[in-house]
Amino acid sequence: MRPVSIMLACTIVSVSVAQSPSFARGCRQVLESDVKITSMRLYADILANAARNGWDYTPESIVSGSNRHFEEMKLQLNDAGYEIVPVGARLYCKRLDKLAVR
């Protein structure tokens, strides 16, 4: 994934989880479902551009490419310092927990 794509993904994910108190306080946790939705949106744009250029993909290759795109996005977000949290997990901020102990 290109650096521009990861920046766009981070922006989309941050907007979609802006209601989360821990994210609003500067924590870098993202729900896996939000990453999946963002990945699907970006991959749909990639497919739309490919279709405009005359490329045609089988349904199997679209599903496979979508899965690869999602896994790549998760790796890129991890490399950028984000923690991908499974759906149903409670978001928390380790940094703020350390401050509360003081």
Side-chain angles (χ1 to χ4, degrees):
M1 188 181 306
R2 293 177 288 192
V4 173
S5 297
I6 194 64
M7 182 64 79
L8 178 61
C10 291
T11 303
I12 292 171
V13 169
S14 66
V15 168
S16 69
V17 296
Q19 301 303 320
S20 168
S22 64
F23 197 84
R25 292 186 302 231
C27 290
R28 297 181 58 94
Q29 294 181 327
V30 182
L31 287 174
E32 188 174 32
S33 60
D34 291 329
V35 176
K36 181 68 171 179
I37 291 167
T38 302
S39 174
M40 290 170 67
R41 287 178 180 165
L42 291 173
Y43 192 67
D45 289 342
I46 291 169
L47 289 176
N49 285 332
R52 280 191 285 275
N53 291 324
W55 291 50
D56 191 21
Y57 297 101
T58 65
E60 296 82 17
S61 64
I62 291 173
V63 170
S64 174
S66 176
N67 291 335
R68 281 193 317 273
H69 189 271
F70 173 59
E71 293 301 323
E72 177 71 19
M73 179 175 279
K74 286 191 336 185
L75 291 173
Q76 292 285 336
L77 287 170
N78 281 332
D79 287 347
Y82 286 87
E83 179 183 359
I84 309 302
V85 181
V87 174
R90 182 172 173 261
L91 299 177
Y92 65 95
C93 185
K94 294 177 188 175
R95 181 176 52 85
L96 292 177
D97 288 344
K98 290 177 184 176
L99 291 174
V101 172
R102 289 185 183 181

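Reckoned from all heavy atoms, side chains included, excluding hydrogens, waters and symmetry mates. All of these numbers come straight from a predicted model, not from anything done at the bench.
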> Output the distance between atom CG (Asn49) and atom CZ (Arg52), rounded to the nearest 0.5 Å.
4.5 Å

> How close do His69 and Leu42 get, counting heavy atoms only, and between which atoms?
CE1-CB, 3.8 Å

> Which pair of non-hydrogen atoms, one from Arg28 and one from Ala80, has the smallest distance, and what is that distance?
NH2-O, 2.6 Å

> Would the distance check show the side chain of Arg41 and the main-chain N or O of Lys36 forming a donor-acceptor pair, the cut-off being under 3.5 Å?
no

> Could you tell me which non-hydrogen atom of Ser39 sits nearest to which non-hydrogen atom of Ser66, and how far apart they are?
OG-O, 4.3 Å

> Taking all non-hydrogen atoms of both residues, which atom of Val87 and which atom of Ser33 are closest, and how far apart?
CG2-CB, 3.5 Å

> Kindly say whether Asp34 contributes a backbone atom to a donor-acceptor pair with the side chain of Thr38 at under 3.5 angstrom?
yes

> If hydrophobic clusters are built by linking Ile, Leu, Val, Met, Phe, Trp and Tyr wherever their side-chain heavy atoms come under 4.5 Å apart, do Ile84 and Phe70 end up in the same one?
yes

> Is any side-chain N of the basic residue among Glu71 and Lys74 closer than 4.0 Å to the acidic one's carboxylate O?
yes

> Hey, any chance Val63 and Tyr57 share a hydrophobic cluster, counting ILVMFWY side chains that come within less than 4.5 Å of each other, even indirectly?
no

> Kindly compute the distance separating CG (Asn67) from CD (Glu72), expressed to the nearest 0.5 Å.
13.5 Å

> Side chains of Thr58 and Ser61: do they bring a donor and an acceptor to under 3.5 Å?
yes

> Determine whether Val35 and Tyr82 satisfy the following criterion, side chain to side chain contact (heavy atoms under 4.5 Å, CB included), listing intermediate values before the conclusion.
CA-CA 11 Å; Val35 176; Tyr82 286 87; over 6 Å; no

